[in-house]
Amino acid sequence: MFQLAEIRHMVRIPPWLFGQTLNDAVIEELNRKLANKVVLNVGLGIALFDVTSLGDSYIFPGDGASHTRVTFRYVVFRPFMEEILEGVIKAADADGMQVSLGFYDDVYIRRDSMMTNSRYDETERSWVWDYKIEDDLHHLFLDIGERIRFRVVAEQFTDTTPAGPNLAEGENTVADRKEGKVPYIIYGAINDQGLGLVSWWTSNSAGQEEEEEMEEVEVGEMS
């Protein structure tokens with residue numbers, strides 16, 4: 001889930017930080033610039049791990065700040081492909097579900113990545129897995145707020161550098177976010193055994209343990 005990324009960057013140190021040591025000023029600026037922000041094709045910045053090298057500092061004409069070439073390692077959130085993660089269902093529509101990891105919400109499970117025989121219930125506004133056991137058909141709802149386990153199958157980075165006037169207030173909708181107008185999107189899938197609502201498999205495991213205990217008791221009595 002978390003990786004250590006090595007990055008080289010020219011760090012600008014403003015004049016009001018000149019009273020600090022260069023190393024401390026660099027650390028403050030790197031965390032201010034990268035913490036909780038997405039670095040294109042790298043991941044979501046979490047925290048600075050260490051600074052591995054500091055180059056010479058320069059002051060350019062017309063700018064009172066110093067500029068230092070820095071090589072550093074930063075902890076980033078970027079799941080591996082096929083990694084299994086758990087989150088909470090945040091929203092759902094006919095196209096799929098949005099999942100929150102608590103600290104990151106741009107995780108989506110598309111309709112083609114659901115369990116076989118899954119459908120969207122317009123009345124309940126949630127996805128349903130029609131699970132058939134012999135002649136019995138069970139309707140398993142994936143309700144908002146439920147904990148879900150999924151497999152990471154794809155990711156999408158988008159350069160969101162401003163290229164024109166800001167959007168009018170209210171234009172940046174959830175639908176816009178799913179179209180890729182966010183820096184980093186993770187796509188998951190639940191179309192495999194052990195995936196889906198955590199409660200499905202927890203309850204099933206508990207039932208299997210009870211059956212095994214009963215079998216042991218019966219064997220013991222017979223012997």
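Side chains included, hydrogens not; waters and symmetry mates left out as well; all remaining heavy atoms used. These figures come from a predicted structure and were not determined experimentally.
- Between atom CD of residue Q156 and atom OH of residue Y184 there is a gap of 11.0 Å, rounded to the nearest 0.5 Å.
- Proximity of a side-chain donor or acceptor of Q3 to a complementary backbone N or O of R78 within less than 3.5 Å is detected.
- Other residues, nucleotides and ligands contribute at most 12 non-hydrogen atoms within 6.0 Å of the CZ atom of R8.
- Counting all heavy atoms, side chain and backbone alike, A92 lies closest to M97 at CB-CG, 4.0 Å.
- At least one side-chain heavy atom of R151 sits under 4.5 Å from a side-chain heavy atom of N191.
- Smallest separation of non-hydrogen atoms from P14 and E29: CD-CD, 3.9 Å.
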Decide yes or no on side-chain contact (heavy atoms from CB on, under 4.5 Å) for Y108 and S113, but give the supporting numbers first.
CA-CA 10 Å; Y108 297 95; S113 298; over 6 Å; no
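- You'll find the side chain of Y120 reaches within 4.5 Å of the side chain of R125, heavy atoms only.
- Within the 4.5 Å cutoff, the side chain of W127 has no heavy atoms near those of the M115 side chain.
- Counting only N and O atoms by type, the side chains of H138 and D130 include no donor and acceptor under 3.5 Å apart.
- Linking Ile, Leu, Val, Met, Phe, Trp and Tyr whenever their side-chain heavy atoms come within less than 4.5 Å leaves Y58 and V51 in two separate clusters.
- For the pair R12 and F60, the minimum side-chain heavy-atom distance is 4.5 Å or more.
- In this structure the side chain of W129 never reaches within 4.5 angstrom of the side chain of L197, judged on heavy atoms.
- Atom CZ of R119 sits about 13.0 Å away from atom CE of M114, to the nearest 0.5 Å.
- Atom CG of residue L142 and atom CD1 of residue I89 lie 4.5 Å apart, to the nearest 0.5 angstrom.
- Under the 4.5 Å side-chain heavy-atom criterion for grouping Ile, Leu, Val, Met, Phe, Trp and Tyr, V70 is not connected to L4 through any hydrophobic cluster.
- Looking at every heavy atom in both residues, V39 comes nearest to F157 through O-CE2, 3.7 Å.
- Using the six-membered ring where Trp is involved, F77 and Y104 have ring planes that are tilted, between 30° and 60° apart.
- Contact record, V42 with A5: CG1-CB, 3.7 Å, taken as the closest heavy-atom pair.
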Go through V38 and T160 one step at a time and tell me if the side-chain contact (heavy atoms from CB on, under 4.5 Å) criterion holds. CA-CA 10 Å; V38 172; T160 57; over 6 Å; no
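- There is no path of hydrophobic side-chain contacts, each under 4.5 Å, that joins L44 to I7.
- Using a 4.5 Å cut-off on side-chain heavy atoms (C-beta onward), I186 and L85 make no contact.
- Atom CG of L22 is separated from atom CG of L17 by 10.5 Å, given to the nearest 0.5 angstrom.
- When atom types are taken as modelled, the side chain of E86 and the backbone of R147 share no donor-acceptor pair closer than 3.5 angstrom.
- Of all heavy-atom pairs between T68 and G55, the closest is CG2-O, 3.5 Å.
- Hydrophobic clustering of Ile, Leu, Val, Met, Phe, Trp and Tyr side chains at less than 4.5 Å, counting indirect connections, keeps L48 apart from F103.
- Q98 places a side-chain N or O within 3.5 Å of a backbone atom of D105 that can act as its donor or acceptor partner.
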Evaluate the side chain to side chain donor-acceptor pair (under 3.5 Å) criterion for residues Y74 and N31: first the C-alpha distance (whole Å), next the side-chain angles of each, then the deciding distance (0.1 Å), finally the verdict.
CA-CA 9 Å; Y74 213 87; N31 278 324; 3.0 Å; yes
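- Cation-pi check for R110 over Y187 is met; the charged atom lies under 6.0 angstrom from the ring centroid and within 45 degrees of its normal.
- Note: the hydrophobic cluster containing F2 also contains F150 (ILVMFWY, side chain heavy atoms under 4.5 Å, direct or indirect links).
- With rounding to the nearest 0.5 Å, the separation of CD in E122 from CG in D93 is 9.0 Å.
- Proximity of a side-chain donor or acceptor of S100 to a complementary backbone N or O of V88 within less than 3.5 Å is not detected.
- Taking each heavy atom of V152 and P79 in turn, the nearest pair found is CG2-CB, 3.9 Å.
- The closest side-chain heavy-atom distance from N117 to K132 is not below 4.5 Å.
- From R149, atom CZ reaches atom CG of L195 across 7.5 Å, with rounding to the nearest 0.5 Å.
- Looking at D121 and S126, their side chains never bring a donor and an acceptor atom within 3.5 Å of each other.
- Between L101 and M1, every side-chain heavy-atom pair lies at or beyond the 4.5 Å cut-off.
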